[in-house]
**Student:** 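A single structure is presented below for examination.
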Amino acid sequence: MVLSATELTNLPQLLPPRGMELVACGSCLPQSVVSNALLSSRVDTNDDWIRDRTGIGSRRIASEADSLTSLASDAAQAALDLAGWRAEDLDLILLATSSPDDLFGTAPRIQAVLGADRAVAFDLTAACSGFLFALITAAQFIRGGSMDKVLVIGADLLSRWVDWDDRRTCVLFGDGAGAVALQACPAEQDGLVAFRMRSDGQRNSCLTLARSGARLPLVGDLSREVGGFGTIAMNGQEVYKFAVREVPLVLADLLEQAGLGAEQLDWLLLHQANQRILDAVADRFAVPRERVLTNLAAYGNTSAATIPLMLDEAVRDGRIRPGHLIASSGFGAGLSWGGALLRWSGPPP
Ligand code: ACO
């Protein structure tokens, strides 16, 4: 079919409006548990301090047998199984991570493990905001009509990048992976009710995992850099202040976009960074504690994985049910932050 110039101009109106629905999820955690007590045998810290300041009791740490590819692939396969999809049905695999197995991209390795031959697979990096940014990005491909079935994965092994002698940061982080399956649906069923994405590079130095190196001669006047990435460096108090200021603002913005009140939310599903941040945001919106999802005590901050890990746990234990409205927000390095109001559809019956 050849379209006229007028038809091409009017194409958006000719295409039926589409939405995306969240149909399934999956997750995978390393087996090894490192309790606060065990960590205290390495750095000068203790269970009381960590629980009191963060809510964290233990974290999972990847073993030699684990890789970002293996954990993310297992999470992705669990989401495929719950959705009842075959890997070859997928159009896109979008991996949010800041700790790839390969700096050129780890998503294609996951594509190969799954056997998703028809899909395109690539990485997206936005630290702890990465999963939500990837979900929102994937939704645009689906809404635009170019893709029907997508897997979004959030996975990080920050144990690779933590300074295990720095008690101010090492107690916070853990490893894990989570995934969601998204599919096209009629616009009136759209599961992405509202969203917002923000970043502020002026505050980049608050939380970094920076590369540094020395110059060595190459040829003629040219030199080359040799070096590598260091370890996570964080101004904890600044990051805390940033989170408790920006997350409520972004959530208020989402509720206003959707014309909804906080009392209409079924769940608050925030990036699991610190229980005190979760409590402060919940109090701001008068969301009762029983509607605030948290698994920080068991897993700590797994960066891009926290939101899909928590989602998967709450879907599988029956707390999140089809039709539930979830307010979610991711925040972290960049600095970056964002939010989404999500309607959970669940797998087809
Ligand atoms: N164990 C025991 N004592 C500790 C520890 C520890 N693990 N860490 C710090 N302390 C001590 C400090 O040395 C300091 O002692 P001093 O007063 O004698 O110098 C004291 O505790 C207070 O230190 P602060 O750094 O001021 O502690 P604070 O109350 O700010 O808590 C924390 C630190 C938990 C990191 C907090 O600032 C925070 O949660 N910030 C947000 C961090 C965050 O969420 N980052 C991740 C988000 S982005 C992402 O997910 C990548």
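Each ligand, and each atom within it, is numbered from 1 in the order the structure gives. These numbers come from a predicted model, not from an experiment.
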**Student:** What residue and atom, counting heavy atoms only, is the protein's closest point to atom 13 (O) of ligand 1, and at what distance?
**Tutor:**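 Looking at atom 13 (O) of ligand 1, the protein heavy atom closest to it is Arg167 NH2, 2.8 Å.
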**Student:** Would Leu293 and Ile56 show up in the same hydrophobic cluster when neighbours are defined by side-chain heavy atoms closer than 4.5 Å?
**Tutor:**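 No, it is not one cluster - the side chains of Leu293 and Ile56 are not joined through contacts under 4.5 Å.
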**Student:** Of all the non-hydrogen atoms in the protein, which one sits nearest to atom 22 (C) of ligand 1, and at what distance?
**Tutor:**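 Ranked first by proximity to atom 22 (C) of ligand 1 is Arg53 NH1, 3.8 Å.
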**Student:** Just so I know, are the side chains of Asp163 and Cys170 near enough to count as touching, which here means a heavy-atom distance under 4.5 Å?
**Tutor:**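 The answer is no; the side chains never approach within 4.5 Å.
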**Student:** Just by distance, no angles: are the side chains of Asp101 and Thr106 close enough, under 3.5 Å, to form a donor-acceptor pair?
**Tutor:**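 Side chains of Asp101 and Thr106: no pair found under 3.5 Å.
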**Student:** Do Met197 and Leu94 belong to the same hydrophobic cluster, where Ile, Leu, Val, Met, Phe, Trp and Tyr are linked whenever their side-chain heavy atoms lie under 4.5 Å apart, directly or via other members?
**Tutor:**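 Yes, same cluster.
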**Student:** Where does Thr169 meet ligand 1, judged by heavy-atom distances below 4.0 Å: at the side chain, the backbone, both, or neither?
**Tutor:**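 Neither; nothing of Thr169 gets under 4.0 Å from ligand 1.
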**Student:** Quick test: of every protein heavy atom, which one is nearest to atom 45 (N) of ligand 1, and how far off is it to 0.1 Å?
**Tutor:**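 That would be Met234 SD, 3.2 Å.
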**Student:** Establish whether atom 17 (O) of ligand 1 and some protein heavy atom are separated by less than 4.0 angstrom.
**Tutor:**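 Within 4.0 Å of atom 17 (O) of ligand 1, no protein heavy atoms are found.
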**Student:** Of Ser98, Gly332, Cys128, which has the heavy atom at the shortest distance from atom 49 (C) of ligand 1?
**Tutor:**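 Nearest heavy atom to atom 49 (C) of ligand 1 lies in Cys128.
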**Student:** Hydrophobic clusters here meaning ILVMFWY residues chained together by side-chain heavy-atom distances under 4.5 Å, can you tell me if Trp337 and Val292 are in one?
**Tutor:**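 Both belong to a single hydrophobic cluster.
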**Student:** Please tell me whether Ser336 and Ser129 have a donor and an acceptor in their side chains that are separated by less than 3.5 angstrom.
**Tutor:**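 A pair is found: one side chain offers a donor N or O, the other an acceptor, under 3.5 Å apart.
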**Student:** Is a side-chain donor-acceptor pair under 3.5 Å present for Asn36 with Arg59?
**Tutor:**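 Side-chain D/A pair, Arg59 to Asn36: present.
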**Student:** Identify, for atom 46 (C) of ligand 1, the protein heavy atom at the shortest distance, and state residue, atom and that distance.
**Tutor:**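 Here the nearest protein heavy atom works out to Asn301 ND2, 3.6 Å.
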**Student:** Which residue and non-hydrogen atom of the protein lie closest to atom 34 (C) of ligand 1, and at what distance in Å?
**Tutor:**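 Sorting protein heavy atoms by distance from atom 34 (C) of ligand 1 puts Thr54 CG2, 3.7 Å first.
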**Student:** If you take the nearest heavy atom of each of Ala127, Gly55, Gly236, Cys206, which one is closest to atom 40 (N) of ligand 1?
**Tutor:**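 Nearest option to atom 40 (N) of ligand 1, by heavy atoms: Gly236.
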**Student:** Kindly work out whether a path of hydrophobic side-chain contacts (I/L/V/M/F/W/Y, heavy atoms less than 4.5 Å apart) joins Tyr240 to Phe242.
**Tutor:**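 Yes, same cluster.
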**Student:** Hydrophobic cluster membership, with links at side-chain heavy-atom distances under 4.5 Å among I/L/V/M/F/W/Y: are Met147 and Phe133 in one?
**Tutor:**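 The answer is yes; both residues are in one hydrophobic cluster.
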**Student:** Quick one: which of Ile277, Thr45, Leu39 has a heavy atom closest to atom 1 (N) of ligand 1?
**Tutor:**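 Among Ile277, Thr45, Leu39, the closest heavy atom to atom 1 (N) of ligand 1 comes from Thr45.
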**Student:** Is there a donor in the side chain of Thr302 and an acceptor in the side chain of Asp156, or the other way round, less than 3.5 Å apart?
**Tutor:**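 Their side chains do not contain a donor-acceptor pair, so the 3.5 Å distance test is not met.
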**Student:** Do Arg86 and Asp81 sit within salt-bridge range, that is, some charged N less than 4.0 Å from a carboxylate O?
**Tutor:**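 Judged by the 4.0 Å cut-off on N to carboxylate O distance, Arg86 and Asp81 do not form a salt bridge.
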**Student:** Among all protein heavy atoms, pick the one closest to atom 38 (C) of ligand 1 and tell me residue, atom and distance.
**Tutor:**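 For this ligand atom, the closest protein heavy atom is Asn274 ND2, 3.7 Å.
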**Student:** Is atom 29 (O) of ligand 1 close to the protein, meaning a heavy atom under 4.0 Å from it?
**Tutor:**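 Yes, there is one.
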**Student:** Identify, by atom number and element, the atoms of ligand 1 in contact range of Arg276, meaning under 4.0 Å from any of its heavy atoms.
**Tutor:**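 Per the distance check, 29 (O), 31 (O).
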**Student:** Between His271, Gln275, Gln237, Arg168, which one has a non-hydrogen atom sitting closest to atom 19 (O) of ligand 1?
**Tutor:**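 Of the listed residues, Arg168 has the closest heavy atom.
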**Student:** Who gets closest to atom 44 (O) of ligand 1 by heavy atom: Gly130, Ser40, Ala273?
**Tutor:**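 Of the listed residues, Ala273 has the closest heavy atom.
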**Student:** Which bit of Trp49 is near ligand 1, meaning a heavy atom under 4.0 Å away: side chain, backbone, both or neither?
**Tutor:**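 Contact part for Trp49 vs ligand 1: side chain (C-beta onward).
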**Student:** Is it true that, when you exclude Glu290 itself, more than 12 heavy atoms of the residues, nucleotides or ligands shown sit nearer than 6.0 Å to its CD?
**Tutor:**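 Counting neighbours around CD of Glu290, more than 12 heavy atoms of other residues, nucleotides or ligands fall under 6.0 Å, so yes.
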**Student:** Determine, counting only non-hydrogen atoms of the protein, whether one lies under 4.0 angstrom from atom 32 (C) of ligand 1.
**Tutor:**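 False for atom 32 (C) of ligand 1.
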**Student:** Against heavy atoms of Val171, which atoms of ligand 1 measure under 4.0 Å?
**Tutor:**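 Those qualifying, in numeric order: 7 (N).
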**Student:** List the closest protein heavy-atom neighbour of atom 47 (C) of ligand 1: residue, atom name, distance to the nearest 0.1 Å.
**Tutor:**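 Checking every protein heavy atom, the shortest distance to atom 47 (C) of ligand 1 gives Val239 CG1, 3.8 Å.
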